[in-house]
Amino acid sequence: MGRTLRITSVGVLLVLVVAAVFLIPTIWFKPWLIEHFYARVFIEYALDRPMLLSQLRVLEPYGLDFHSDDLDDFSVEFTLSTADKVERNLRILQSYDRRSQSPEQLLSTDVLEWFLRVQAEGRRFLFHGYPLNQLDGIQSALPDFMLNTHQVQSADDARHYVTRLSRFGVALDQTVESVRYRAERGIVPPRFVVEAVGREVGEFIAAAPNENVLYTEFEEKLAALDETSESTRVDLLEAARRELEATVYPAYRRLGAYLSELEATATDEDGVWKLPDGDAYYASALRWHTTTELTADEI
């Protein structure tokens, strides 16, 4: 009996050691297999972006929804840390011996290397974009996400909806911080963009919270939950109204106040040539969007 227990213990210990040898580099350092590194880069990217995970819906079929009550991080610090991670992953990818890779692996390596390299080379342009714009700025992207991506198919989904509303303040304040960071470096949207976003913000909070689309659409989705009691639906709807009133609307008012401040420094110039190193930024954007090295004139 004792001999059997010792053999079993040794076996368990060996399994744990092998698992540690295999998992520790896969998770934190350089994975033994390059395929695992490909997967880790994707997983890292997705886990850092709960809104993307909600769009992909690859975890929900397995009962995993830890991301469903959170929004992305829009802070300057997150942007910089993401750039650091890109550079680190590029170094690791380039450390794998290409001579030992199969044609399929080389293709995956080349695609991933391009994806990481273009971002790493464009690091100095991290803040050249406009998070607040009239096409897909965060002021409209957040409500759109809540209405069209966040699914409400259960009471838990509805609770997550309310929790995400409670995070609007942080998300919008982080965006203001990021836009202010850009403005301090001479990166300011054209005046017509600032004005258009300001109008959008004002229109979004013009109606009472219980008339806002984030409330009325939520009300309709709750009404469709047959297995949720009426009292639970009423409580959830009231919780959403409170978050709109106490969190969402004040955050949009702060955003509107900053836009008025930003408008005073905006100009009518609307080309990227007006930005610091604008020509180089344009060339970097061309590489990213066309995957070629062609110049603007050549295109």
Side-chain angles (χ1 to χ4, degrees), residues 30-31 33-58 72-74 76 78-138 140-141 144-145 148-149 175 178-179 182 185-187 189-190 193 269-299:
K30 178 181 176 179
L33 301 177
I34 194 168
E35 290 88 351
H36 294 171
F37 178 70
Y38 303 149
R40 189 179 78 183
V41 172
F42 170 76
I43 291 169
E44 278 182 348
Y45 187 89
L47 289 178
D48 283 342
R49 295 163 178 80
M51 294 169 66
L52 174 62
L53 284 174
S54 288
Q55 291 174 325
L56 297 176
R57 294 195 65 78
V58 293
D72 288 356
D73 188 335
F74 300 96
V76 171
F78 177 78
T79 302
L80 292 172
S81 68
T82 297
D84 290 340
K85 192 174 292 185
V86 164
E87 292 178 352
R88 173 176 175 267
N89 283 335
L90 180 59
R91 288 194 299 271
I92 293 175
L93 179 65
Q94 292 175 336
S95 71
Y96 285 98
D97 184 3
R98 292 179 61 90
R99 293 169 300 179
S100 64
Q101 296 179 41
S102 68
E104 293 79 11
Q105 289 172 328
L106 285 172
L107 176 60
S108 296
T109 296
D110 288 342
V111 170
L112 181 57
E113 182 175 13
W114 178 88
F115 177 75
L116 296 173
R117 178 172 50 79
V118 173
Q119 291 181 79
E121 291 174 352
R123 177 170 183 143
R124 61 186 170 131
F125 308 120
L126 274 178
F127 298 98
H128 272 53
Y130 303 141
L132 295 172
N133 66 78
Q134 77 280 25
L135 300 177
D136 57 1
I138 191 173
S140 58
D144 180 75
F145 170 83
N148 298 310
T149 300
T175 301
S178 180
V179 175
R182 288 166 163 81
R185 288 155 178 77
I187 301 168
V193 171
E269 297 173 316
D270 57 4
V272 298
W273 46 263
K274 72 167 187 167
L275 303 176
D277 295 322
D279 289 342
Y281 170 55
Y282 191 80
S284 177
L286 281 181
R287 281 196 298 277
W288 176 254
H289 289 288
T290 68
T291 73
T292 74
E293 297 297 326
L294 295 174
T295 67
D297 290 339
E298 289 172 333
I299 290 174

A.B. asks: Just wondering, do V179 and T175 contact through their side chains at under 4.5 Å, heavy atoms?
C.D. replies: yes
A.B. asks: Considering only residues two or more places apart or on different chains, which pairs with a residue in residues 119-128 satisfy salt bridge (Lys or Arg N to Asp or Glu O under 4.0 Å)?
C.D. replies: D84-R123, E87-R123, R117-E121, R124-D277
A.B. asks: Indicate yes or no: at least one non-hydrogen side-chain atom of V272 is less than 4.5 angstrom from one of L275.
C.D. replies: yes
A.B. asks: Which distance, rounded to the nearest 0.5 Å, do you find between the OG1 of T109 and the CD of E104?
C.D. replies: 11.0 Å
A.B. asks: I'd like to know whether Y45 forms a side chain to side chain contact (heavy atoms under 4.5 Å, CB included) with V86, so could you lay out the CA-CA distance, the side-chain angles of the two residues, the decisive distance to 0.1 Å, and finally the verdict.
C.D. replies: CA-CA 10 Å; Y45 187 89; V86 164; over 6 Å; no
A.B. asks: Return the CG to CG distance between L53 and L47, rounded to the nearest 0.5 Å.
C.D. replies: 6.0 Å
A.B. asks: Check L52 against A46 and note the closest heavy-atom contact, atom names and distance.
C.D. replies: CD2-CA, 4.2 Å
A.B. asks: Counting only heavy atoms not in Y282 (residues, nucleotides, ligands), do more than 12 fall under 6.0 Å from its OH?
C.D. replies: no
A.B. asks: I'd like to check the ring pair (Phe, Tyr, Trp, His ring centres under 6.0 Å) partners of Y96; sequence neighbours left out, ordered by chain and number.
C.D. replies: F37
A.B. asks: Could you tell me which residues satisfy ring pair (Phe, Tyr, Trp, His ring centres under 6.0 Å) with W288, sequence neighbours excluded, listed by chain and number?
C.D. replies: W114, F115
A.B. asks: To the nearest 0.5 Å, tell me how far L116 CG sits from R88 CZ.
C.D. replies: 12.0 Å
A.B. asks: Among residues at least two apart in sequence or on other chains, which ones pass side-chain hydrogen bond (donor to acceptor under 3.5 Å, both in side chains) with R182?
C.D. replies: S178
A.B. asks: Indicate yes or no: at least one non-hydrogen side-chain atom of T292 is less than 4.5 angstrom from one of R287.
C.D. replies: no
A.B. asks: Which atom names give the shortest non-hydrogen contact between L132 and P189, and what distance separates them?
C.D. replies: O-CG, 4.3 Å
A.B. asks: From T149 OG1 over to D144 CG, what is the distance, rounded to the nearest 0.5 angstrom?
C.D. replies: 6.5 Å
A.B. asks: Would you say that T82 contacts R49 through its side chain, given a criterion of any heavy-atom pair below 4.5 Å between the two side chains?
C.D. replies: yes
A.B. asks: Between D270 and V193, is there a side-chain heavy-atom distance shorter than 4.5 Å?
C.D. replies: no
A.B. asks: Pair D48, K85 - check salt bridge (charged side-chain N to carboxylate O under 4.0 Å, His left out), show working.
C.D. replies: CA-CA 11 Å; D48 283 342; K85 192 174 292 185; 2.8 Å; yes
A.B. asks: Using atom types as modelled and distance alone, determine if a side-chain donor or acceptor of E113 lies under 3.5 Å from a backbone N or O of D110.
C.D. replies: no
A.B. asks: Could you give the distance from CD1 (I187) to CG (L126), rounded to the nearest 0.5 Å?
C.D. replies: 10.0 Å
A.B. asks: Side-chain contact test, heavy atoms from C-beta onward, threshold under 4.5 Å: evaluate it for L286 versus L294 and give yes or no.
C.D. replies: no
A.B. asks: Just by modelled atom types, is the L135 backbone N or O under 3.5 Å from a matching donor or acceptor in the N133 side chain?
C.D. replies: yes
A.B. asks: Quick one: ring pair (Phe, Tyr, Trp, His ring centres under 6.0 Å) partners of Y38, sequence neighbours excluded?
C.D. replies: none
A.B. asks: List the steps, then state whether side chain to side chain contact (heavy atoms under 4.5 Å, CB included) holds for I34 with L93.
C.D. replies: CA-CA 8 Å; I34 194 168; L93 179 65; 4.2 Å; yes
A.B. asks: May I ask you to test the Y281-P276 pair for a side-chain heavy-atom distance under 4.5 Å?
C.D. replies: no
A.B. asks: If you take all heavy atoms of K274 and P190, which pair is closest and at what distance?
C.D. replies: NZ-N, 3.7 Å
A.B. asks: N89 and E44: which non-hydrogen atoms are nearest, and at how many Å?
C.D. replies: ND2-OE1, 3.3 Å
A.B. asks: Which atom pair, heavy atoms only, marks the closest approach of D97 to R99?
C.D. replies: OD1-N, 3.0 Å
A.B. asks: By side-chain hydrogen bond (donor to acceptor under 3.5 Å, both in side chains), which residues pair with Q55, not counting sequence neighbours?
C.D. replies: none
A.B. asks: If I compare all heavy atoms of R40 with all of I92, which pair ends up nearest, and what's the gap?
C.D. replies: NH2-CD1, 3.5 Å
A.B. asks: Hey, could you give me the NE2/OG distance between H128 and S284, rounded to the nearest 0.5 Å?
C.D. replies: 9.5 Å
